There are 2 protein chains.
Amino acid sequence: MPHASAPQHDAPRDSPDTTPDAAAGTPPAKARGKAGEKSPRSTARKAVGRPPRISRDDVVRAARRIVDDAGVDALTMRRLATDLGTTPMALYHHVRDKEELLVLLLDDYAAGALRPTGLPDDPVERVLAAAAAIHDALAARPWIAQVLTADDLMAASALWYVEQVVDGLTAAGLSPAQAVHGYRAIWYYTAGEILVRATAARRRAADDRPTYREHVFAGLDPAELPRLSGVAADWAELTAQDTYRDGLRALVTGLVAGR
Amino acid sequence: MPHASAPQHDAPRDSPDTTPDAAAGTPPAKARGKAGEKSPRSTARKAVGRPPRISRDDVVRAARRIVDDAGVDALTMRRLATDLGTTPMALYHHVRDKEELLVLLLDDYAAGALRPTGLPDDPVERVLAAAAAIHDALAARPWIAQVLTADDLMAASALWYVEQVVDGLTAAGLSPAQAVHGYRAIWYYTAGEILVRATAARRRAADDRPTYREHVFAGLDPAELPRLSGVAADWAELTAQDTYRDGLRALVTGLVAGR
DNA sequence: GCATGTTTTTATACATGTAAGAAAACTAGC
DNA sequence: GCTAGTTTTCTTACATGTATAAAAACATGC
């Protein structure tokens, strides 16, 4: 297994680069060069090519600083480059595109935010608690919506919670395959909730546009759509309520009841 | 209630513009002018200001043509303007921004795609069928992901299905408020599924990047995360399966069981 | 020292959405 | 006809993500 001083990023599309530590918080391995290598094999060559001035970790850290200080809207590739003392395009050797940078950032946050605290013993309750923990951690950061749809978001730091969900479902009687499918369903529901809510909040903040929904609901025909007409007046209030946990419980209950 | 020849778009932020027909498929009301008005009051004035060369409907129609012919990626404001024989900025008087245009487009598609066909009588089955119909109609068009998070997406054409869901849940014993919350849960789940899947598909198509998940799953510690390690090999296959309906049934079952 | 290969950085350029303001094309009142 | 007011359109300009290609900075083998 080659380790040594693997490149930070799978360059123009060839090196496998399966260093499992590149993602999390490994020190940048800067100050490389003449330091002795522990690894018995792999002859620790002197790293060919132009030496990098910045590492992927530098990029992520600088990005995090910007987001913390000035919000996610201030995070542009140009500003990031300026903060790092390089050019925008130099970043693209450490990060495939901005979206990957955001995923990395999310992972960075998750590493600090999520803490394995005492979870209940009962399987169903454990699933609920783990899912809610993921949800709350993500929902706290609105900019996450831009990244959330990552199919493979659940990386590194959050995996422990995924494990809890899958394990809980298994303990409740589901097969491994069913447990994975159940986890996915929970993930769809969770991601959907956050995304829909975040978008709605963004719209409300950005503008006082008549929400289009009011527009549509105003012209509702009680004869054709009686139920909707009946709740039209309360719709805004009802949908503003946070019912994530209720829905989650319903979903998990249904998953477990289904065998 | 003023009607007459209301402006197509709430201009620089003042006119209420609550014409309930502006959204769907009302004829552009072009060829306006000397035609007699039915409305008894509202003296049908001669429309002040520079006469528009294009209507909002023209914009949506042209956009639809582009999407149908060349895909959603080809839909740029510049191209749209060229097709209509105007300038990009002229579009912004009929559409707030590109996102609103996409919402309008989606509505346009929904009007044609969704057809109220025979739904089951059993409340739960009806909810399932209605939700699945929405899901399938949306999932068929990948570009929808960009718009889907609209909190108020369920406009005009799709409302009939929303009605079916809320009505079915009510018939199954839920209170009106619970039914709305239930609908929302179903919507979160549905939107999340489509979004996550669409994004995953896009990534897979765009590039053969090692999915980052493989990356993470490769370095899994079986001692710490036994369940995930156990299914790691099958993860890709399991998550590729379409289990939307299974999860939906579980959710609805749980919602109904919860009273 | 010098040519070669490799990796990172830089320079340049483009397409996109859209903000800001000027101009055009009308009606209404005089 | 002329001015004022109103609505739509056009011109110009900017910020952004990122493609492309050249240049820089190293190690290696000669």
Side-chain angles (χ1 to χ4, degrees), chain A residues 4-15 17 28 30 32-34 43-56 58-59 63 66 70 72-82 84-102 146 206-207, chain B residues 4-15 17 28 30 32-34 43-56 58-59 63 66 70 72-82 84-102 146 206-207:
Chain A
S5 59
Q8 227 87 10
H9 178 51
D10 49 353
R13 198 110 29 221
D14 34 346
S15 70
D17 184 6
K30 257 182 177 171
R32 82 226 168 308
K34 36 209 74 175
T43 45
R45 316 185 51 170
K46 289 249 319 203
V48 71
R50 175 169 178 170
R53 309 178 59 134
I54 57 173
S55 69
R56 180 197 272 219
D58 293 338
V59 174
I66 293 176
V72 74
D73 286 338
L75 178 63
T76 70
M77 301 305 272
R78 278 171 234 269
R79 159 135 189 210
L80 186 53
T82 305
L84 283 165
T86 50
T87 57
M89 291 312 293
L91 305 173
Y92 285 81
H93 253 260
H94 303 93
V95 164
R96 184 183 306 262
D97 51 23
K98 197 182 177 185
E99 188 175 329
E100 182 178 287
L101 172 62
L102 288 173
Q146 298 171 32
D207 211 333
Chain B
S5 60
Q8 227 89 7
H9 178 51
D10 49 351
R13 198 111 29 225
D14 33 350
S15 70
D17 185 6
K30 260 182 178 172
R32 77 219 169 315
K34 38 208 72 176
T43 46
R45 314 185 53 171
K46 285 241 335 195
V48 70
R50 176 172 178 166
R53 309 180 58 135
I54 56 174
S55 70
R56 182 197 273 219
D58 292 337
V59 174
I66 293 177
V72 73
D73 287 337
L75 179 62
T76 69
M77 300 305 272
R78 278 172 235 268
R79 160 134 189 209
L80 187 53
T82 305
L84 283 165
T86 51
T87 57
M89 291 311 293
L91 305 173
Y92 285 83
H93 253 259
H94 303 92
V95 164
R96 185 182 304 263
D97 50 24
K98 196 183 178 182
E99 188 176 328
E100 182 179 287
L101 172 62
L102 289 172
Q146 299 169 31
D207 211 334

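A, B, ... follow the sequence lines: proteins, then strands. Residue 1 opens every chain. Here the structure is a predicted model, which is why all the values come from computation and not from measurement.
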Legend entry - Rounded distance (Å) that lies between atom C1' of C:dT8 and atom CG of A:Asp58: 14 Å
Legend entry - Gap between atoms CG and C1', on A:Leu101 and D:dG17 respectively (whole Å): 12 Å
Legend entry - Atom-pair distance (CZ on A:Arg96; C1' on D:dA19), nearest Å: 15 Å
At a cut-off of 3.5 Å, list every protein nitrogen or oxygen paired with a nitrogen or oxygen from nucleotides 23-27 of chain C, distance to 0.1 Å.
| from | atom 1 | to | atom 2 | distance (Å) |
| --- | --- | --- | --- | --- |
| C:dA24 | N3 | B:Arg50 | NH1 | 3.3 |
| C:dA25 | N3 | B:Arg50 | N | 3.4 |

Legend entry - Contacts of A:Thr76 that satisfy side-chain contact (heavy atoms from CB on, under 4.5 Å) - sequence neighbours left out: A:Arg78, A:Arg79
Legend entry - B:Asp58 side, atom CG; B:Leu84 side, atom CG - distance, nearest 0.5 Å: 6.5 Å
Inset, instruction - Go through the structure and list residues passing salt bridge (charged side-chain N to carboxylate O under 4.0 Å, His left out) with B:Arg50, not counting sequence neighbours. - result: none
Legend entry - Closest approach of A:Leu91 to A:Met77 (non-hydrogen atoms, all atoms of both residues): CD1-O, 3.4 Å
Inset, instruction - With rounding to the nearest 0.5 Å, note down the distance linking CZ in A:Arg53 to NE2 in A:His93. - result: 15.0 Å
Inset, instruction - Give the rounded distance in Å between these two atoms: CG of A:Leu84 and C1' of C:dT9. - result: 13 Å
Inset, instruction - Report yes if at least one side-chain N or O of B:His94 is closer than 4.0 Å to OP1 or OP2 of D:dT9; otherwise report no. - result: yes
Inset, instruction - Compute the bend angle of the helix from C:dG1-D:dC30 to C:dC30-D:dG1 from the end axes (five pairs per end), rounded to 10°. - result: 30°
Legend entry - For A:Ala81 against A:Pro88, the heavy-atom pair lying closest together: CB-N, 3.4 Å
Inset, instruction - Over all heavy atoms of both residues, which pair between A:Leu75 and A:Leu101 is shortest? Give the atoms and the distance, please. - result: CD2-CD2, 4.4 Å
Short heteroatom pairs, N/O only, protein and nucleotides 14-17 of chain C, under 3.5 Å:
| from | atom 1 | to | atom 2 | distance (Å) |
| --- | --- | --- | --- | --- |
| C:dG17 | OP1 | B:Lys98 | NZ | 2.7 |
| C:dG17 | OP2 | B:Met77 | N | 2.8 |
| C:dG17 | N7 | B:Arg78 | NH2 | 2.5 |
| C:dG17 | O6 | B:Arg78 | NH2 | 2.8 |

Legend entry - Spacing of B:His93 atom NE2 relative to D:dC10 atom C1', expressed in whole Å: 11 Å
Inset, instruction - Heavy atoms only: give me the nearest B:His94-B:Ile54 pair and the separation to one decimal. - result: NE2-O, 2.8 Å
Legend entry - Sugar-phosphate only, base, or nothing, as touched by A:Thr86 at under 4.0 Å among non-hydrogen atoms: sugar-phosphate
Legend entry - Listed partners of B:Thr82 passing side-chain contact (heavy atoms from CB on, under 4.5 Å), at least two apart: none
Legend entry - Spacing of CG belonging to A:Asp97 relative to CG belonging to A:Leu102, to within rounding of 0.5 Å: 9.0 Å
